[in-house]
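Reviewing the structure listed below.
All chains are named by letter (A, B, ...) in the order of the sequence lines, taking the proteins before the strands, and each is independently numbered beginning at 1. From a predicted model like this one, the values you see are computed outputs, not experimental measurements.
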Amino acid sequence: MVVTASYKDKDGKVVENKQERHYHPQATNCRDTKMKYGAQWKVANIRDTAIQPHQPKKETIEFELPDGVRSADVTVDLFYEAVNPDNKYPIHSIKKTVSLDK
Amino acid sequence: MRIILLLLITAFVIMPLSTVGAEKAKTIDELAKMYDSSQCKSCHAEIYAQWEKSHHARPLMGVKGGLMLTPLALKKGEKGATAFSEDDPKKMKISNFPCFKCHLPQAVTSAEDSVAAELAEALLAKDSAKVGKLQITCMVCHNEKALIHKRELGAPEKGVIYGNKDVASHAGGKIKKSAIMKDSVFCGQCHGLGPNLEFDQAFQCANLYGSYLHNYVSGGGTKSCQDCHMQKGDHLIAPNFNDDKQTSELLAKALTLDVETLGYEWLRKAATYVPKVVVNTKIVSSAGHRIPDG
């Protein structure tokens, strides 16, 4: 999941800040501490951030804006990656404009 | 002489069919022919067409034409080679491809080591056509993997098709009921519990069935794999990762995303305000297993 907050700075330039969250089981070969990809290398999960049944995955992601910036466009892209990060399957993309003014 | 003849006839009649023609395949072509299910197509065209697009029809091809077993075929010591690799692909044996446990179960029971050597050479030659001949055909699921109570029921009978019910008269061969065909445990034979510790070099592929048991069933889930992935007998058994649009749609159906935002000025310390945007996300899964998994 990639969360992007974009805003215009005081010079009118669009600035993008991104934060990512990765949801997947992570395994090593149990001989070192490097995460492995590929069944022939993996032996056991050491961490699992995957999305599980009956367990909603909640995040709170914060962006600090520069002084004087009063709004930002937020986009949340949820996608699935198979084999490598370039092979993406889009799932949801939600856009919102956030204002600091009442 | 008559007694001997009678004994021979009796022995042949009572001999389990599984031992008849138990000779193993020596080549990829022989193994493919042994489990060829193309005759099913004539009566079950729709199901066959679904299967042809499925990952079961290309279990050694990975996603989008990849040849996923290639690292095993690489020469020992070569960059990317694995603990299962040999210094010469001709030395590769069935035991060098532990992935066959699920990706080609018929190789474990019905192939000579020469099939593994031929596969290794085909992988190194990027011979997709040859590698693609090795498939999880109808007979792999409907015979080879159909029984899990072999101490009670014996091995699957050669030539018998196992399904949801007994059918005495069936053009393609006798159909016998398998008690597990509609159960998740049937799929769980391959769609994994976790580490495969029974091998001399442990490895881990899919964890999906483990997730189903320990996170879905434990939370009160009652649906089976087949309830969601084989609706109306669909043998595509989605997802098909070669179909981007369909995969995205399936995932969107399984996962909801809720986003809430807040803009405010955070008081860090006296008279020091920090403009801040807070994004709260919530993903809820209706799948019966971890996402991602396989």
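Of the two parts of A287(B), only the backbone, made up of N, CA, C and O, holds a non-hydrogen atom closer than 4.5 Å to a non-hydrogen atom of chain A. Both the backbone and the side chain of V43(A) come within less than 4.5 Å of a heavy atom in chain B. Contact of A5(A) with chain B is not made at all, since no heavy-atom distance falls under 4.5 Å. In this structure, chain A has heavy atoms under 4.5 Å from both the backbone and the side chain of V277(B). Contact of T256(B) with chain A is made through the backbone alone, with heavy-atom distances under 4.5 Å. Heavy-atom distances place the side chain of V74(A), and not its backbone, under 4.5 Å from chain B. Only the side chain of I94(A) comes within less than 4.5 Å of a heavy atom of chain B; its backbone N, CA, C and O stay farther away. With a 4.5 angstrom heavy-atom cutoff, K64(B) touches chain A only via side-chain atoms. If you measure heavy-atom distances from Y212(B) to chain A, you find no contacts under 4.5 Å at all. Of the atoms belonging to L72(B), it is side-chain heavy atoms, and not backbone ones, that fall under 4.5 Å from chain A. In this structure, the portion of N207(B) lying under 4.5 Å from any heavy atom of chain A is its side chain and not its backbone.
Atom CG of D200(B) has 12 or fewer neighbouring heavy atoms from other residues, nucleotides or ligands inside a 6.0 Å radius. By the 6.0 Å contact criterion, NZ on K95(A) is open, its count of non-hydrogen atoms from other residues, nucleotides or ligands being 12 or less. Few gaps surround CZ on R21(A); more than 12 heavy atoms of other groups in view lie less than 6.0 Å from it.
With values rounded to the nearest 0.5 angstrom, K276(B) atom NZ is found 10.0 Å from L65(A) atom CG. Rounded to the nearest 0.5 Å, atoms CD (E62(A)) and CG (L262(B)) are 9.5 Å apart. Rounding to the nearest 0.5 angstrom, the gap separating the CD atom in Q204(B) from the CG atom in N29(A) is 11.5 Å. To the nearest 0.5 Å, atom CZ of residue F97(B) and atom CD of residue Q40(A) are 11.0 Å apart. Note that the CD1 atom of I283(B) and the OH atom of Y23(A) stand 4.5 Å from one another [nearest 0.5 Å]. Atoms CD and NZ, on E59(A) and K282(B) in that order, are 13.5 Å from each other to the nearest 0.5 Å.
Between chain A and the options F203(B), Y264(B), F84(B), W266(B), heavy-atom pairs under 4.5 Å are most frequent for F203(B). Per-residue counts of heavy-atom pairs under 4.5 Å with chain B were compared for V76(A), I51(A), V98(A), D101(A); the largest is that of I51(A). Heavy-atom pairs under 4.5 Å with chain B peak, among K36(A), K102(A), R70(A), Q55(A), at R70(A). Per-residue heavy-atom pair counts under 4.5 Å with chain B were compared for G68(A), S99(A), A39(A), and the maximum is reached by A39(A). Interface check for chain A: of the options V278(B), D244(B), L197(B), L69(B), the most heavy-atom pairs under 4.5 Å are formed by D244(B). Contact tally against chain A (heavy-atom pairs below 4.5 Å) for G219(B), A206(B), S218(B), P98(B): the top residue is G219(B). Most heavy-atom pairs under 4.5 Å with chain A: of the set P292(B), C205(B), S285(B), this distinction falls to P292(B). Ranked by heavy-atom pairs under 4.5 Å with chain A, the first of V284(B), T247(B), D293(B), D258(B) is T247(B).
Using bins of under 30°, 30° to 60° and over 60° for the plane-to-plane angle, the ring pair F241(B)/Y89(A) lands in the perpendicular bin.
Contact record, N45(A) with R290(B): ND2-NH2, 4.2 Å, taken as the closest heavy-atom pair. Residues Y273(B) and D67(A) share a closest heavy-atom pair of O-OD1, 4.0 Å. Minimum heavy-atom separation, P275(B) to P66(A): CG-O, 3.7 Å. Closest non-hydrogen pair, H54(A) versus G221(B), comes out as NE2-N, 3.9 Å.
Checking side-chain atoms of K96(A) against main-chain N and O of V259(B) turns up a donor-acceptor pair under 3.5 Å.
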Step-by-step salt bridge (Lys or Arg N to Asp or Glu O under 4.0 Å) determination, E260(B) to K58(A): CA-CA 11 Å; E260(B) 292 184 357; K58(A) 295 179 181 177; over 6 Å; no

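Considering only heavy atoms from C-beta on, L257(B) stays 4.5 Å or farther from I91(A) through its side chain.
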